Asker: 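Below you will find the structure I want to go over with you.
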Amino acid sequence: MSSNDPADALAAVAALRRLADQLEDAAVEQAMRSGWGWPQVAEALGITRQAVYKKHAKRLIAAGVTLRRRG
């Protein structure tokens, strides 16, 4: 990065964060549609099951994804 403007650096960080969130959303949805459970997804992301459920469950249900209760 050649710019010395902090606004450019912060804008780049924000853009990368949005991209990472989009990639996570797509990967979680693919995993859940493939039959993965919350514990598997949470372990793969390195976060708690509760955190992954809180972040993604509502969106997945709205998208018509069938969620497993256990496993």
Side-chain angles (χ1 to χ4, degrees):
M1 182 175 287
S2 61
S3 174
N4 290 328
D5 186 350
D8 290 342
L10 292 170
V13 169
L16 289 170
R17 188 171 292 138
R18 285 191 299 272
L19 178 59
D21 285 343
Q22 290 171 356
L23 291 171
E24 181 180 315
D25 288 351
V28 169
E29 184 169 340
Q30 181 182 17
M32 298 305 280
R33 287 187 186 278
S34 297
W36 283 40
W38 294 116
Q40 292 172 290
V41 173
E43 183 177 344
L45 292 175
I47 59 177
T48 66
R49 181 179 56 201
Q50 292 81 7
V52 75
Y53 180 87
K54 183 177 179 180
K55 184 174 182 180
H56 296 283
K58 190 174 183 178
R59 178 183 54 80
L60 293 173
I61 291 168
V65 177
T66 302
L67 304 177
R68 294 174 57 186
R69 292 206 179 264
R70 296 271 180 195

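Please read these numbers as outputs of a predicted model, since none were measured by experiment. By convention here, the first residue in the shown sequence is residue 1.
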Asker: Just grab all the ring pair (Phe, Tyr, Trp, His ring centres under 6.0 Å) pairs involving residues 42-66, residues at least two apart or on different chains.
Answerer: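 Qualifying pairs, neighbours excluded: W38-Y53.
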Asker: Checking Q40 side chain against G37 main chain: does a donor-acceptor pair fall under 3.5 Å?
Answerer: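 Yes: the side chain of Q40 pairs with the backbone of G37.
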Asker: What pairs of residues pass the salt bridge (charged side-chain N to carboxylate O under 4.0 Å, His left out) test when at least one of them lies in residues 10-21, not counting sequence neighbours?
Answerer: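 Counting only pairs at least two positions apart or across chains, the salt bridge (charged side-chain N to carboxylate O under 4.0 Å, His left out) contacts touching residues 10-21 are D21-K55.
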Asker: Scan residues 26-39 for pairs that pass salt bridge (charged side-chain N to carboxylate O under 4.0 Å, His left out), counting only residues two or more places apart or in two chains.
Answerer: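 Listed once each, the pairs are E29-R33, E29-R59.
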Asker: Hydrophobic clusters join Ile, Leu, Val, Met, Phe, Trp and Tyr when side-chain heavy atoms are under 4.5 Å apart, directly or via other members; which others share one with L23?
Answerer: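 Via sub-4.5 Å side-chain contacts, L23 links to L19.
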Asker: Please name all residues satisfying side-chain contact (heavy atoms from CB on, under 4.5 Å) with S34, sequence neighbours left out, ordered by chain then number.
Answerer: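 Partners of S34 by the side-chain contact (heavy atoms from CB on, under 4.5 Å) criterion, ordered by chain and then number, come out as Q30, W36.
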Asker: Can you list the residues that meet the side-chain contact (heavy atoms from CB on, under 4.5 Å) rule with A51, with sequence neighbours excluded?
Answerer: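 A51 satisfies side-chain contact (heavy atoms from CB on, under 4.5 Å) with I47, T48 once adjacent residues are dropped.
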